[in-house]
K.L.:
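Dumping the structure here so I can ask a few things about it.
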Amino acid sequence: MVTSGFESICKSLDALNAKPLDCNIKSIIAIAEGLSPEVKSKMEYYFKAPTVSRYSNVENGIIAQQMPNDNAFRINWASYVVEILDLESDVPVPNGTIGRIIITDLYNLATPMIRYDTGDIGAFVNDENSTDNIPKLESIQGRKMDALYKTNGDMLNPFTMHAYVYDFPEIKQLQFIQHKEKKYEIKVNTNVMFEGESLLIENFKNDIGTDAHVDIQYVDEIPSLKSGKRKISVNLYKQ
């Protein structure tokens, strides 16, 4: 299931003050969207099963997946060559540095895919438990086109925004939009009187830059994409 579906389930259970459920579930796999630590923790609490995230796409298939008790993603090296290249040039970046995730897939049945830019961004980390020190994906931070930039030009980790969903439980849906270098908008969907507007703006400015201009827009719904995903961030500044 897509991560936003798990997020909705957890928020509904939170609202009911539910206890852990007695379910015959062995494991839970999140797909399509980044799995925040908050959603992962709550899914494991309510369903008493390890919850991991899978990284895949339609073009290639399963590229990498988390293992229980490990937040990094073990790469399917048997099927792909995975590279992390600079955001602006085709140069490999050091481990731990955010860059574009590039896939070479020689087993594609239609045609080989050489250095295919997935459009996603992430970073490598070495697997300390491997005798060959094979890299894993330390983080997968979603689409480059959806990444927000701080007022100082640095990229903001999108998991920062996912945390707001649980910081403000009265909010049903959130979306952060960057219009210009220092101009941002937050769409809020809530069915109660939201009294945390000032705190939400303050917290966001602490993450994005205290010199940011932030507007709040209240909406009845934040539409999902045809894929079922719902974007937590939209960048109209750098596309």
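The shown structure was predicted, so the numbers you read here are calculated from the model rather than taken from an experiment.
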K.L.:
Between F194 and F168, how do the two ring planes meet: parallel, tilted or perpendicular, split at 30° and 60°?
P.N.:
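Perpendicular: the ring planes of F194 and F168 meet at over 60°.
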K.L.:
To the nearest 0.5 Å, what is the distance between CD on Q175 and CD1 on I232?
P.N.:
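The CD atom of Q175 sits 7.5 Å away from the CD1 atom of I232.
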K.L.:
Charged N to carboxylate O under 4.0 angstrom, D90 versus R100?
P.N.:
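Between R100 and D90 there is a salt bridge, with a charged N closer than 4.0 Å to a carboxylate O.
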K.L.:
Look at atom CG of N69 and say whether more than 12 heavy atoms of other residues, nucleotides or ligands are closer to it than 6.0 Å.
P.N.:
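Atom CG in N69 is not packed in, count stays at 12 or less.
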K.L.:
Does OH belonging to Y218 count more than 12 external heavy atoms closer than 6.0 Å?
P.N.:
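Check passes, neighbour count above 12.
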K.L.:
Linking I/L/V/M/F/W/Y whenever any side-chain heavy atoms sit under 4.5 Å apart, do M67 and I28 land together?
P.N.:
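The answer is no; the residues belong to distinct hydrophobic clusters.
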K.L.:
For the pair K150 and D207, find out whether any cationic side-chain nitrogen is under 4.0 Å from an anionic carboxylate oxygen.
P.N.:
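Judged by the 4.0 Å cut-off on N to carboxylate O distance, K150 and D207 do not form a salt bridge.
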K.L.:
What I want to find out is whether D70 reaches K136 closely enough, with some N-O distance under 4.0 Å, to be called a salt bridge.
P.N.:
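The answer is yes: the pair qualifies as a salt bridge.
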K.L.:
Which value, rounded to the nearest 0.5 Å, describes the distance between T97 atom OG1 and D86 atom CG?
P.N.:
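So the OG1 of T97 and the CG of D86 are separated by 9.0 Å.
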K.L.:
Between V91 and L85, is there a side-chain heavy-atom distance shorter than 4.5 Å?
P.N.:
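Heavy-atom side-chain distance check fails, nothing below 4.5 Å.
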K.L.:
Given the rule that I, L, V, M, F, W and Y join up when any side-chain heavy atoms are under 4.5 Å apart, are V81 and I84 in one cluster?
P.N.:
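No, because V81 and I84 fall into different hydrophobic clusters, even though each may have its own neighbours under 4.5 Å.
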K.L.:
Say you draw a straight line from OG1 of T210 to CD1 of I208; how long is it, rounded to the nearest 0.5 Å?
P.N.:
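That separation rounds to 11.5 Å.
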K.L.:
Determine the minimum heavy-atom distance between P68 and V52, stating which atoms define it.
P.N.:
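The pair with the smallest heavy-atom distance is N-CG1, 3.9 Å.
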K.L.:
Take V188 and L200 through the test side chain to side chain contact (heavy atoms under 4.5 Å, CB included) and record every step on the way to the result.
P.N.:
CA-CA 10 Å; V188 175; L200 174 60; 4.1 Å; yes
K.L.:
Examine distances only and state if a side-chain atom of T190 and a backbone atom of E170 form a donor-acceptor pair shorter than 3.5 Å.
P.N.:
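Indeed, once roles are kept as given, a pair shorter than 3.5 Å links the two residues.
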K.L.:
Would you call D215 and K183 a side-chain contact if the rule is heavy atoms closer than 4.5 Å?
P.N.:
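Yes, at least one pair of side-chain atoms sits under 4.5 Å.
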K.L.:
Atom CZ of F47 and atom SG of C10: how far apart are they, to the nearest 0.5 Å?
P.N.:
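Between F47 CZ and C10 SG, I get 6.5 Å after rounding to 0.5 Å.
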K.L.:
One pair to check against side chain to side chain contact (heavy atoms under 4.5 Å, CB included): C23 and K48. What are the steps and the verdict?
P.N.:
CA-CA 8 Å; C23 301; K48 296 184 287 187; over 6 Å; no
K.L.:
Let me see the working for F124 and I75 under side chain to side chain contact (heavy atoms under 4.5 Å, CB included), right down to the final yes or no.
P.N.:
CA-CA 10 Å; F124 274 147; I75 298 170; 3.6 Å; yes
K.L.:
Could you report the tightest heavy-atom contact between Q178 and Y149, atom names first, then the distance?
P.N.:
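Scanning both residues, the minimum pair turns out to be OE1-N, 2.8 Å.
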K.L.:
Side-chain donor-acceptor pair under 3.5 Å between Y237 and E181, yes or no?
P.N.:
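Not at all, the side chains of Y237 and E181 share no donor-acceptor pair under 3.5 Å.
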K.L.:
Could you check if a side-chain atom of K42 sits within less than 4.5 angstrom of a side-chain atom of D14, using non-hydrogen atoms only?
P.N.:
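With C-beta onward as the side chain, the pair touches.
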K.L.:
Please verify the inter-ring angle class for F204 with Y184; under 30° counts as parallel, over 60° as perpendicular, anything in between as tilted.
P.N.:
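Rings of F204 and Y184: perpendicular, over 60°.
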K.L.:
Can I25 be reached from L21 by stepping across I, L, V, M, F, W or Y side chains whose heavy atoms are under 4.5 Å apart?
P.N.:
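Looking at the clustering, I25 is in the same group as L21.
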K.L.:
Sort out for me which residue in T151, D211, N152 forms a side-chain hydrogen bond (donor to acceptor under 3.5 Å, both in side chains) with K182.
P.N.:
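For K182, the side-chain hydrogen bond (donor to acceptor under 3.5 Å, both in side chains) check succeeds only for D211.
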K.L.:
Examine distances only and state if a side-chain atom of Q173 and a backbone atom of N189 form a donor-acceptor pair shorter than 3.5 Å.
P.N.:
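A pair under 3.5 Å: no.
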K.L.:
Do S53 and Q65 come within less than 4.5 Å of each other through their side chains, counting heavy atoms only?
P.N.:
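No - every pair of side-chain heavy atoms lies 4.5 Å or more apart.
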K.L.:
From S233 OG over to L174 CG, what is the distance, rounded to the nearest 0.5 angstrom?
P.N.:
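CG of L174 is found 11.5 Å from OG of S233.
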K.L.:
Which atom pair, heavy atoms only, marks the closest approach of I134 to W77?
P.N.:
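Closest pair (atom of I134, atom of W77, distance): CG2-NE1, 3.2 Å.
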K.L.:
Looking at residues at least two apart in the chain, or sitting in another chain, which of them share a side-chain contact (heavy atoms from CB on, under 4.5 Å) with K40?
P.N.:
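Result, side-chain contact (heavy atoms from CB on, under 4.5 Å) vs K40: L35, E44, T51, Q66, N71.
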K.L.:
Taking C-beta and beyond as the side chain, do I201 and I216 meet within less than 4.5 Å on heavy atoms?
P.N.:
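Yes, close enough: below the 4.5 Å cut-off.
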K.L.:
Under 4.5 Å between side-chain heavy atoms, counting indirect links through other Ile/Leu/Val/Met/Phe/Trp/Tyr residues: same cluster for I177 and I222 or not?
P.N.:
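No, I177 and I222 fall in different hydrophobic clusters.
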K.L.:
Looking at D105, I102, N57, T104, which hits side chain to side chain contact (heavy atoms under 4.5 Å, CB included) with Y116?
P.N.:
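Output: one option passes, namely N57.
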K.L.:
Distance only, no hydrogens: is a donor on one side chain within 3.5 Å (strictly under) of an acceptor on the other, for Y55 and D120?
P.N.:
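Result is yes, a qualifying pair exists.
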K.L.:
To the nearest 0.5 Å, tell me how far F176 CZ sits from L148 CG.
P.N.:
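Answer rounded to 0.5 Å: 8.5 Å.
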K.L.:
Yes or no on side chain to side chain contact (heavy atoms under 4.5 Å, CB included) for I63 and N76, after CA distance, side-chain angles and deciding distance?
P.N.:
CA-CA 5 Å; I63 300 167; N76 179 8; 5.9 Å; no
K.L.:
Might you confirm whether atom CD of E221 has over 12 heavy atoms from other residues, nucleotides or ligands at distances under 6.0 Å?
P.N.:
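Correct, the count exceeds 12.
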K.L.:
Looking only at non-hydrogen atoms, find the nearest pair between A78 and Y107 and report the distance.
P.N.:
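Taking every non-hydrogen atom into account, O-CE1, 3.7 Å.
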K.L.:
With side chains defined as the heavy atoms from C-beta onward, is the minimum distance between V82 and I101 less than 4.5 Å?
P.N.:
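In contact.
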K.L.:
Are the side chains of L156 and D154 in contact, using a 4.5 Å heavy-atom criterion?
P.N.:
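They are not in side-chain contact.
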K.L.:
Is any side-chain heavy atom of N60 less than 4.5 Å from a side-chain heavy atom of Y80?
P.N.:
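Yes, their side chains come closer than 4.5 Å.
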K.L.:
Over all heavy atoms of both residues, which pair between A147 and I121 is shortest? Give the atoms and the distance, please.
P.N.:
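That closest heavy-atom pairing would be CB-CD1, 4.2 Å.
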